[in-house]
Amino acid sequence: MSDHFDLVVIGGGPGGYSGALYGASAGLKVALVEKDALGGTCLNRGCIPAKAFLETAAVKRHVDHADDFGIDSGKASVNFARTQERKQGIVAGLVGGIAAMCKQRKVEVFNGVGSLSAGKTVNVAMNDGSSASITGDFVMLASGSVPRLIPNFERGGPIMTSDEVLDLDVVPARVAVIGGGAIGCEFASTFADLGAEVTILEGLPKILPGLDKDMAKVVERSFKKKKIAIRTGVMVNGHTPNASGGTTVHYGDSESVEVDAVVVSVGRRPYADQLGLDGTGVVVDERGFVQVDEYCRTGETGVYAVGDLINTPQLAHVGYAEAILVVKDLLGESPMPVMYDRVPWAIYSHPEVAWAGPGEQEAKEAGHDVVVSKHPFKFNSRAQILGETEGFVKVIAKKRPDGTAGQVLGVHMVGPWVTEQLSGGYLAVNWEASVDEIAEFIQPHPSLSELFGETVLAMTGRSFNG
Ligand SMILES: Cc1cc2nc3c(=O)[nH]c(=O)nc-3n(C[C@H](O)[C@H](O)[C@H](O)COP(=O)(O)OP(=O)(O)OC[C@H]3O[C@@H](n4cnc5c(N)ncnc54)[C@H](O)[C@@H]3O)c2cc1C
């Protein structure tokens with residue numbers, strides 16, 4: 001193995017592996033150091049397995065409603081061990097794909113813990129017990145994040161973080177989800193659709209607190225229809241395990257809920273714990289994030305940091321964007337910094353949520369005079385064919401001096417397959433397109449994406465459907 005590279009990447013998650021592969025495709029000689037499985041949190045303990053579970057929940061929902069479509073299928077039962085096996089197959093395939101791409105692009109993978117020291121030297125404690133010392137002209141830190149924990153809820157038995165939940169091979173009958181953010185809501189939605197009794201315990205006044213209010217209301221209403229109990233404005237205090245392997249979670253003043261599993265989903269903390277960094281100018285702030293400028297450059301010349309390790313949206317695709325930015329920057333290509341206020345967001349619960357740009361309130365708070373248009377899936381033909389009519393598309397545009405709608409600021413969607421429909425809205429926001437320009441685009445019929453077209457068309461002052 002060589003010991004000097006153009007680029008050494010520490011961490012093989014979305015930020016790290018995309019940086020390594022993109023860098024190699026630009027002709028760089030790259031080393032990738034990963035202590036665990038390639039693919040990081042996203043592939044092994046995050047996005048992909050969580051969505052595989054959600055898909056099983058969707059299949060169960062479809063079978064439960066098959067009768068509505070004229071299919072007599074009987075009552076569905078869940079074999080979650082099979083779900084787990086299927087999910088593992090998907091993960092293994094994708095992890096293998098990254099390894100194959102690394103091989104094809106001659107990225108040298110070092111299986112071990114990498115720590116950075118002076119002179120852009122990365123010492124690797126290899127998993128086989130040996131050690132390696134490699135250097136790079138440039139180094140990219142991409143060591144990601146781990147679940148945050150809360151006092152009195154140590155992992156073990158019924159107390160789980162996303163890491164352990166994704167290894168389950170049975171559906172717990174009663175689940176408490178602590179934290180009503182995106183990840184918590186995805187788990188709540190999955191387990192409720194699979195037949196569990198679910199309680200969400202959220203400290204803030206609302207679940208999904210960052211969301212446009214109208215969208216959060218749709219999710220909340222839909223969750224209540226699934227019989228998910230939502231307790232907001234409550235803090236959990238502790239839990240009392242019982243003899244049958246479950247536990248009673250205590251919250252609020254003196255309330256409690258008895259469950260078989262607790263999913264602690266209160267966010268993720270950056271994981272710089274094993275990066276060393278002695279003798280370098282890399283600065284880690286008091287919350288554990290590596291400090292960077294808008295080009296992801298750290299305090300040490302030639303050393304960059306990307307992904308969940310830095311204080312930017314904790315999304316796999318943000319890690320990809322930052323990795324591309326870094327490679328372009330180190331190649332001297334003068335890239336544009338990532339515009340974090342316009343990145344796409346997606347929550348894959350049922351109903352799904354997706355958005356780019358500010359919500360109505362946020363746009364107003366930023367000082368914009370806005371025009372807002374909101375159209376429901378209820379009247380969309382494809383949504384009716386799918387039997388999925390809840391939700392809407394909401395577009396927020398700048399108001400022109402004459403009162404008409406101008407530049408599209410935000411596109412927010414809740415409802416069927418909106419995570420797949422956002423791309424048109426994302427382009428509109430990021431191209432800084434006006435409502436009139438977007439209204440020119442033809443959407444296929446019948447399609448869910450017609451609703452975005454309709455919503456924008458209505459903002460021109462003329463429309464088909466109001
Ligand atoms: C349940 C769940 C669902 C999610 N769903 C989504 C989603 O739908 N969409 C989305 O965009 N995001 C989602 N995320 C977030 C997403 O997984 C993260 O934003 C993303 O994985 C961050 O990528 P990263 O490369 O920065 O870090 P990570 O993916 O955490 O990867 C870091 C890697 O670095 C390795 N490492 C750490 N330290 C060292 C070291 N010193 N030496 C060697 N290796 C090291 C780790 O083993 C790990 O493999 C989800 C997360 C969870 C938990």
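Atoms considered below: every heavy atom in the structure, side chains included; atoms not considered: hydrogens, waters and symmetry mates. Atoms within each ligand, like the ligands themselves, are counted from 1 in listed order.
Residue G276 places no heavy atom under 4.0 Å from ligand 1. Residue contacts with ligand 1 leave out G319, since none of its heavy atoms falls under 4.0 Å from the ligand.
With sequence neighbours excluded, the residues forming a salt bridge (charged side-chain N to carboxylate O under 4.0 Å, His left out) with R155 are D163, E164, listed by chain and number.
Side chain to side chain, N123 and S133 meet the donor-acceptor criterion of an N or O pair below 3.5 Å.
For L38, no heavy-atom contact with ligand 1 is shorter than 4.0 Å.
Interface of G307 with ligand 1, defined as ligand atoms under 4.0 Å from a residue heavy atom, comprises 26 (O). Near Y348, with a cut-off below 4.0 Å to any heavy atom, the atoms of ligand 1 are 8 (O). Residue Q274 approaches ligand 1 through these ligand atoms, each under 4.0 Å from one of its heavy atoms: 41 (N). For ligand 1, the atoms sitting less than 4.0 Å from at least one non-hydrogen atom of C42 are 17 (O), 21 (O), 29 (O), numbered in the order shown with element in parentheses. Near G112, the atoms of ligand 1 lying under 4.0 angstrom from a non-hydrogen atom of the residue are 42 (N), 43 (C).
Between R105 and L21, the shortest heavy-atom contact is NH1-O, 3.1 Å.
Look at D193 and R61 and you find a salt bridge, because one of the NZ, NE, NH1 or NH2 atoms lies within 4.0 Å of a carboxylate O, short of that distance. A salt bridge is defined here as a Lys NZ or Arg NE, NH1 or NH2 lying under 4.0 Å from an Asp or Glu carboxylate O, and D6 with K29 fails to meet this definition.
In terms of N/O distances under 3.5 Å, ligand 1 is not approached by R45.
What sits closest to atom 51 (C) of ligand 1 on the protein, heavy atoms only, is I183 CD1, 3.7 Å. For atom 25 (O) of ligand 1, the nearest non-hydrogen atom of the protein is G15 N, 2.9 Å.
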